[in-house]
Amino acid sequence: MKLSPSELEAYSENGFLIRRQVFHEQEVKAFRAAADSAAQTAKIMAASADARRYVLDGNLFADIGHTTVQFEHQENAGEIRVIEPVHDLHEQFMQLVHDPRLVSPMRQLVDSAEVALWTAKLNLKSSRVGSGFAWHQDTPYWVHDCDEAERLPNVMVNFDDSSVSNGCLNIVQGSHKLGMLPGCSDPRQLAGFYTDPAGFDASAQKPIEVPSGSVVFFHPLAVHGSMPNSSSKQRRGIILTYQPANRPTLKKKDIVNALG
Ligand SMILES: O=C(O)CCC(=O)C(=O)O
C-alpha cells in the first residue's frame, strides 16, 4: 500500500497523486449510503434548537457543536453541500479514517511514523444544483490553528464516477510549489480565502476525472477548486486530512490517531 518512489516523485512534482479504484464496488456502495445517511442526520442537526445558523456569500451555514453544515445557495438551500467534520457522524467514515489504504501513504506524505486525523469533510454535489468551489488553497483556512499547515496532506475518496460534467475536483499542477498565495480582494465575504487568479497559471489545471472508488492525494498548498454539477449524476466524496500523530483535530480538538 506504500507509495512507490515514482508515486512520491509525482506527488512532489505535481502536488497530487491519483490511485484508481482503490475501493471496490461493495465498499463504495456503503460509502454512498453512509453519505446519504450523514446528510439526513446533518439536516436534523441543522434544524435543531442548538444550531447557530448564519449566511455567508448567500450560502446558509449551521454550526451545531463542533460540526459545520453548509447548504447550497438560496433556491437550493434544502441541499447540503459540505459537512465538516463528518467522521463521527457515521461508523463507515470512522473506519475509513483508519483504513491502511489511506493511512500507509499518509505516513509517507506527512513524513511521520504515525499519523492522526486533522479534519474530514463530506463534499456532496447534487445533480444539477451542486455548486462549484472557487480556486483556493487549504492552508489559509488552517494556518491559525496549526503551526505546520504545510504538513496536512489531503486525500479525496470519490464515491461516484467523477468527471468535468458532474463537477470533479480540479487541481492546478505544480501550484503547491508557489507557497501560500494572496487571496482575492473583491466584495465577497469569504474573498480572502479564494486564491487570486493573478498568482498562478490556471491553464495548468488538471480535472481529476476518475471512476468511483478512486482516491487522489493532494498537497495542502495545491490550488484546487471545482465547477458546478451540470449533469444528472451526483458527485459525492470525502476529503480526509492527516497530520503527525498525537495532535488535536481542527475543530473538536480531540486526538484521533490513525490505527491502520
Ligand atoms: O467539493 C468540491 O467541489 C471541492 C472541494 C474542495 O475544494 C475542498 O473541500 O477544499
Side-chain angles (χ1 to χ4, degrees), residues 15-16 18 31-32 35 38-39 42 56-57 59 61 67-73 76 79-87 93 96 117-143 145-146 149-150 152-173 175-176 180-181 183-184 188 190-195 197 200 202 205-210 212 214-231 233-243 249-251:
F16 67 92
I18 296 169
F31 293 148
R32 290 186 198 128
L56 290 173
D57 293 328
N59 290 325
F61 290 75
T67 309
T68 300
V69 179
Q70 183 189 330
F71 289 86
E72 290 289 359
H73 212 77
N76 300 312
E79 300 280 343
I80 291 182
R81 178 69 171 84
V82 181
I83 306 170
E84 181 185 17
V86 74
H87 61 287
F93 297 144
L96 188 58
L117 185 72
W118 168 246
T119 192
K121 287 178 282 189
L122 184 65
N123 285 64
L124 304 173
K125 214 181 251 195
S126 309
S127 53
R128 310 275 179 221
V129 303
S131 55
F133 197 148
W135 293 123
H136 62 284
Q137 296 174 300
D138 289 328
T139 45
Y141 292 91
W142 297 335
V143 277
D145 292 284
C146 178
E150 294 178 18
L152 301 171
N154 300 294
V155 59
M156 179 167 187
V157 181
N158 290 272
F159 301 165
D160 296 293
D161 293 344
S162 302
S163 63
V164 170
S165 67
N166 71 355
C168 67
L169 188 70
N170 258 318
I171 303 179
V172 179
Q173 192 168 358
S175 56
H176 64 301
M180 204 154 85
L181 293 163
C184 294
R188 285 173 297 177
L190 298 177
F193 285 112
Y194 301 120
T195 312
F200 64 95
Q205 66 184 274
K206 298 284 172 218
I208 311 297
E209 296 197 284
V210 287
S212 62
S214 301
V215 304
V216 53
F217 295 90
F218 62 101
H219 196 283
L221 281 168
V223 177
H224 62 287
S226 67
M227 298 295 279
N229 185 349
S230 56
S231 77
K233 300 205 168 100
Q234 296 187 65
R235 193 235 59 185
R236 292 161 286 191
I238 191 169
I239 300 181
L240 301 170
T241 309
Y242 290 83
Q243 62 181 338
T249 59
L250 169 62
K251 285 160 81 71

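Note that ligands are numbered from 1 as they come in the structure, with each ligand's atoms numbered from 1 the same way. Being a predicted model, the structure only gives us computed values, none of them experimental.
With sequence neighbours left out, the salt bridge (charged side-chain N to carboxylate O under 4.0 Å, His left out) criterion links Arg128 to no other residue. Shown here are the side chain to side chain donor-acceptor pair (under 3.5 Å) partners of Asn229, two or more places apart in sequence or in another chain: Ser231. The ring-ring contact (aromatic ring centres under 6.0 Å, His included) search around His224 returns His136, Phe218, not counting sequence neighbours.
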Exercise answer, ligand 1 polar atom pairs (N/O) under 3.5 angstrom:
from     : atom 1 : to     : atom 2 : distance (Å)
ligand 1 : 1 (O)  : Arg81  : NH1    : 3.2
ligand 1 : 1 (O)  : Arg81  : NH2    : 3.3
ligand 1 : 1 (O)  : Asn123 : ND2    : 2.8
ligand 1 : 1 (O)  : Arg235 : NH1    : 3.4
ligand 1 : 1 (O)  : Arg235 : NH2    : 2.9
ligand 1 : 3 (O)  : Arg81  : NH2    : 2.9
ligand 1 : 3 (O)  : Lys125 : NZ     : 3.3
ligand 1 : 3 (O)  : Ser226 : OG     : 2.3
ligand 1 : 3 (O)  : Arg235 : NH1    : 3.1
ligand 1 : 7 (O)  : His136 : NE2    : 3.1
ligand 1 : 7 (O)  : His224 : NE2    : 3.3
ligand 1 : 9 (O)  : Lys121 : NZ     : 3.1
ligand 1 : 9 (O)  : Asn123 : ND2    : 3.2
ligand 1 : 10 (O) : Lys121 : NZ     : 3.1
ligand 1 : 10 (O) : His136 : NE2    : 2.9
ligand 1 : 10 (O) : His224 : NE2    : 3.2

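Checking each of Asp138, Thr249, Asn154 against Thr241 for a side-chain hydrogen bond (donor to acceptor under 3.5 Å, both in side chains) leaves exactly one that passes, namely Asn154.
Looking at Thr68 and Lys251, their side chains do bring a donor and an acceptor atom within 3.5 Å of each other.
Going from atom SG of Cys168 over to atom CG of Asp160 covers 12.5 Å, rounded to the nearest 0.5 Å.
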